[in-house]
Amino acid sequence: MRWLILGALLGLLIAFPALLGLVIAATVAVLSKPVLVAFGLGLAARPHLPSIRRWAR
């Protein structure tokens, strides 16, 4: 699914080169907000963290 979304995005960027500026602007806007960056990093790290049940044993 991830590759399908990436392929669709790359296809749109090839078909409409002006979208590249919009994608860059949206990325910069999201990265300029520390709360959103921390939330994204938390979502990315969550599957790799041990669950609390393992610690309680």
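One-based numbering along the sequence shown.
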Less than 3.5 Å apart, which donor and acceptor atoms pair up between the side chains of residues 31-42 and the rest of the protein, not counting sequence neighbours?
residue : atom : partner : partner atom : Å
S32     : OG   : V28     : O            : 3.4
S32     : OG   : A29     : O            : 2.8

Is I24 reachable from L22 through a run of hydrophobic residues whose side-chain heavy atoms are each under 4.5 Å from the next?
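Yes, it is one cluster - the side chains of L22 and I24 are joined through contacts under 4.5 Å.
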Under the side chain to side chain contact (heavy atoms under 4.5 Å, CB included) test, residues paired with I14 that sit two or more places apart:
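Per chain and number, I14 pairs via side chain to side chain contact (heavy atoms under 4.5 Å, CB included) with no residue.
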Can you list everything that forms a side chain to side chain contact (heavy atoms under 4.5 Å, CB included) with L12? Sequence neighbours excluded, please.
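L12 satisfies side chain to side chain contact (heavy atoms under 4.5 Å, CB included) with F16, L19 only.
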